[in-house]
Amino acid sequence: MSSNWCTIESDPAVFSSLIESFGVKNAQLTELYSLDEGTLLSLNESYGKIHGLVFLFKWQGNEATDETDRVSDEDAPEDLFFSRQMITNACATQALLSILLNAKATDDGSDEDNTGAVSLGEILSTLKSFTASFPPDLKGEAIGASDEIREAHNSFARKEAFLVDENKKRIATKDDEVFHFIAYVPHSNGIVYELDGLQNGPINVGSFDNTMELDNGMGDLPWLTVACAAIQKRIEKYQSSEIKFNLMALTQDRRNYIQSKIKAMLEAGLSESDEAISALNMDLMHEEEQRKQWEIENERRRHNYLPFCMELIRALAKSGNLQECTRKAREKTNASGYRGI
Amino acid sequence: MNAELLAMLGGSMPGASSRRENEPKTILSFKAGKMIAERQPSGKYMVTPDQRRGTLEVNWTASSSSSSAGVLKLEWKDRRTRAVVETFPIFPEDDCTYSKVDTGPGREKDRVYLLQYGNASERRIFFWMQEKEEGNQDEEFCIKINTFMADPEEAAAAATGKPKKEKTESKKKSEKSSDADASTGQIQSSELQAIMQGLNTSAGGEGNAAPSPGQVDALSSILGNLGIPQNTNASASTASGNTDDATAPAGSGGLTLSDLQGAMAGLATTSPTSAASASIQAPGPNLADVATSENVIESGILENEEVKQKLIELLPENQRTEEHLMENLRSPQVRQCLASLSAALCDEGMDGFNSILANFSLRPEDGAIAMMSGNPIQAFLDCVLKSVQREKEEEGKNDDAEMK
C-alpha cells in the first residue's frame with residue numbers, strides 16, 4: 001500500500017466531480033454555511049434527499065485525549081459501513097465513501113419512485129459487497145488498495161506538487177494545518193452515527209424518528225437536526241482557538257430533483273407555462289450554469305499552468321514591462337509587510 | 001584588507017592553546033551566510049553576501065578554573081565543507097551587539113544581522129539568514145545571542161552538563177599571571193601593552209604597515225589565551241595614542257581590542273556606511289505579485305495579437321478563448337502556479353532553480369549576479385530578460401537576412 005495519495009482541495013466542485021469519477025450518479029456535494037433550522041429546511045427543500053454530512057475541521061494531534069468520553073458503539077449494526085482510515089491524504093475520499101456506502105442506493109441507476117437514491121456505479125457497488133463482512137481496518141485497506149479510487153482521487157491533486165521534489169516535501173509540524181474529515185449518516189435503526197476513520201468504530205450521537213414517510217415534507221430534517229447538534233458541540237469545543245471548519249452535505253443531484261418535481265407537476269396536470277414550473281425551470285438552468293462553472297474550475301485545477309505562466313513572464317519581459325511589474329510587486333509586498341515565499 | 005585582518009584575527013586559534021581548554025559546546029546554531037565587507041576607494045564599505053551556505057554557531061568553552069568563566073565564540077561554518085571558516089571570540093567587555101540591520105526603504109524583507117563590537121570598534125560582521133523563519137525565530141536568536149554575549153553565566157548555564165577536564169598546562173597559565181585576579185585570570189593591561197609594544201616595534205612603527213603573518217599569529221595567540229574580560233576604554237585612536245597610555249595604571253585607560261587591531265593594521269577610521277549601501281537584495285518578490293492581472297493589463301501586452309494567441313494556446317483545452325483568457329489570468333490556479341514557481345526557485349539546494357532553468361532553456365550565467373546577491377527570483381527574471389533579448393536579436397537578424 002505504498003502508492004501515493006495526494007492532498008486534494010476541499011470544495012463542493014472538486015468533491016462532486018470526484019464522486020462522479022468513482023462512477024456515482026445522482027449525487028453531489030453542496031456547502032452549508034450555517035447549522036440553523038432555516039438552513040436545514042432550505043437544504044431539505046432544495047435537494048430532496050440528503051445522504052450525509054461531511055464536517056471538515058483542523059486536526060489537533062492531541063485530540064485523542066479529548067475523545068475518551070466518546071466511546072465507539074460496540075453494538076453498531078453490521079450493515080453500517082465503517083472503515084478505519086489507513087491513508088492520511090485519503091481522508092476526504094474516506095469520508096465521502098462512508099456516506100455513499102451507507103446511503104440509500106441503487107445499482108442500476110433507476111430511481112422510479114424518486115426516492116433520491118444514489119446510483120453507486122460499478123466500482124463502489126463492487127467495493128460495498130466485497131467488503132461487507134470485513135472488519136473496519138480491512139475495509140480501510142480495501143479502499144486504499146483500490147487503484148480506480150486512488151487514481152480518481154489523485155486526478156484532483158493539488159498542482160503545486162509537481163514543482164517540488166517528492167523527497168523535499170516538508171513533514172507536517174504542529175503548526176501546519178492538517179484537516180480532518182468526519183461523516184454523519186442516519187441509519188435505518190433510527191440512530192445518527194458519526195463516522196471518523198481515526199476512531200475505532202462508529203459513534204452514536206443521537207436517535208431520531210425514522211418512521212416518518214418521505215412525503216410528509218419533513219424528509220431528512222429529523223436526522224439532520226441530531227447531526228447538527230453533535231457538530232455544534234464540536235464547534236463549541238474549538239471556539240477558543242482559531243479553528244477553520246467547513247460543512248458540506250452529500251445530497252441527491254439537484255438537477256434530478258428539480259426534474260422529478262417538474263415531472264410530478266406535469267403529471268398532476270399543470271401546464272408547462274405554469275408559474276411554478278417556470279420557476280423550477282429557472283432553477284434548473286441555474287444549476288446547469290453552476291455545473292458548467294464547476295467543470296471550468298476543475299479543468300483549471302487539473303491544468304499545468306507552468307508553460308502559460310512562463311509565456312506570460314516572457315511577454316512582459318519582451319515588452320519591456322518586467323522591471324516595472326517587479327517594482328510594483330516589491331512595493332506591494334513591503335506595504336503589506338513581510339510575506340515569506 | 002580589513003576583512004582579511006579580521007579573518008586572520010578571528011581565524012582558528014593556534015592548536016596548542018585550544019587543546020588545553022575544555023571542549024566547546026554549541027549553545028545556539030542556525031543557518032546563516034556571512035557577508036564580505038570591502039573597502040571602496042571612497043573609503044566606504046561595500047557589503048556583499050558570501051553565497052556559501054553556512055551555519056552560525058555560538059560556542060561556549062568553559063575554562064577549567066571555573067564553570068562560569070570561559071570563552072564565548074561565534075563561529076561561522078561552511079555547511080558544505082563542514083569547516084569553521086571564521087571565529088569571533090566575544091567577551092562581555094567587548095560590548096558586542098547582534099541586531100537586525102535596516103537595509104533601507106523597500107527592503108523590509110531582508111534578514112540581515114550585524115554583530116558589532118562595541119566601544120566604537122571598527123569590527124563588525126554581517127550575516128544573512130539562510131533558513132526559513134518559523135515564528136519569531138530571528139528575533140529569538142537575536143535575544144539569545146545578545147544575552148550570551150553580555151553574560152557569560154548565561155552562556156555557561158546554557159552549556160551545563162559539559163564535563164570538565166583538568167589540564168596542568170592551563171593551570172600553569174593562570175598561575176603565570178600571578179598579579180592577576182586568580183578567579184578571572186585577568187592580565188594587567190600594562191603587560192598587554194608591553195607585549196603589544198614589542199610587536200609594534202618590530203612592525204616598524206604605527207600606522208599603515210601591514211602586519212606580518214608572524215605578528216598577527218602572536219597577537220592571535222595572546223588574544224586566544226586571554227579568555228578574559230578586558231578593561232576597555234572607548235578609543236579609536238591609532239598606535240601612537242596607545243603607546244602614550246603605556247604607563248597608565250591598570251583599570252584605567254586600558255587597551256581595547258580595536259586599539260590593538262588598529263595598531264597592527266592601521267585600519268581606516270572611516271566607518272563603513274550603514275548597510276543601506278549593501279548590495280544584497282531580499283529574495284523575491286513573489287511572481288504571483290509580479291504577473292497580477294492588473295499588471296498584465298496595464299502593461300498592454302494583451303493588445304498584441306500574437307501574445308494573446310500564444311497565451312490562449314496554453315490555456316486548458318476547453319477554455320481557449322479571449323474571454324476565458326481574462327478569467328484565467330485572475331484565477332487562483334494561475335496565482336498558485338506563480339507562487340509555486342517562486343517557491344521552487346527559492347528552494348534551498350538549487351534543484352528547483354536549476355530544473356526550471358533547464359526546462360525553459362534559460363542560461364544560469366545570465367542570472368549569476370542576482371544569484372550571488374541571494375535573490376534567485378531576480379536571477380530567474382534576469383535570465384528571462386536575457387533570453388528574450390537574444391530572441392529579439394535573432395529575429396532582427398532573420399529579418400535582415402530575408403530582406404536581402
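Throughout, a chain's letter reflects where its sequence line sits, starting with A, and its residues are numbered from 1. Both backbone and side-chain heavy atoms feed into the values below; hydrogens, waters and symmetry mates do not.
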Q: From the options A:Glu299, A:Arg302, A:Arg301, select the one residue that forms a side-chain contact (heavy atoms from CB on, under 4.5 Å) with B:Pro316.
A: A:Glu299
Q. With only heavy atoms counted, which part of B:Val307 is less than 4.5 Å from chain A, the side chain, the backbone, both or neither?
A. side chain
(Q) Using a 6.0 Å cut-off, check whether atom NZ of B:Lys144 has over 12 heavy atoms from anything other than its own residue. (A) no
Q) How many angstroms lie between OH in A:Tyr305 and OG in B:Ser331, if you round to the nearest 0.5 Å? A) 4.5 Å
**Q.** Between A:Cys309, A:Ala317, A:Gly320, A:Cys325, the one whose heavy-atom pairs under 4.5 Å with chain B are most numerous
**A.** A:Cys325
(Q) Restricting to non-hydrogen atoms, name the atom on B:Ser299 and the atom on A:Asn321 that form the minimum distance, rounded to 0.1 Å. (A) O-ND2, 3.3 Å
Q) Checking heavy atoms, do the side chain of B:Ser387, its backbone, both or neither come under 4.5 Å from chain A? A) both
Q) For B:Leu325, is it the side chain, the backbone, both or neither that has a heavy atom under 4.5 Å from a heavy atom of chain A? A) side chain
Q: To the nearest 0.5 Å, tell me how far B:Gln378 CD sits from A:Gln323 CD.
A: 7.0 Å
Q: Heavy-atom distances under 4.5 Å only: say whether B:Ile301 touches chain A with side chain, backbone, both or neither.
A: side chain
Q) How many angstroms lie between CG in B:Asn318 and CD1 in A:Ile296, if you round to the nearest 0.5 Å? A) 8.5 Å
Q: Counting only heavy atoms closer than 4.5 Å, note whether A:Glu324 contacts chain B via side chain, backbone, both or neither.
A: neither
Q. Between A:Lys328 and B:Glu298, is the closest basic N to carboxylate O distance under 4.0 Å?
A. yes
Q. Can you tell me how far CE of A:Met310 sits from CG of B:Leu287, rounded to the nearest 0.5 angstrom?
A. 9.5 Å
Q | Spacing of A:Asn304 atom CG and B:Gln333 atom CD [to the nearest 0.5 Å] | A | 12.5 Å
Q: Please check if atom CZ in B:Arg390 has more than 12 non-hydrogen atoms from other residues, nucleotides or ligands closer than 6.0 Å.
A: yes
(Q) Taking CE in B:Met326 as the centre, count heavy atoms belonging to other residues, nucleotides or ligands within less than 6.0 Å. Is the count above 12? (A) yes
Q) Is a salt bridge present between B:Glu306 and A:Lys318, judged by a nitrogen-to-oxygen distance below 4.0 Å? A) no
Q) Does A:His303 reach the main-chain N or O of B:Glu317 with its side chain, forming a donor-acceptor pair under 3.5 Å? A) no
Q) Could you state the interatomic distance from NE2 (B:His324) to CZ (A:Arg300), rounded to the nearest 0.5 Å? A) 7.0 Å
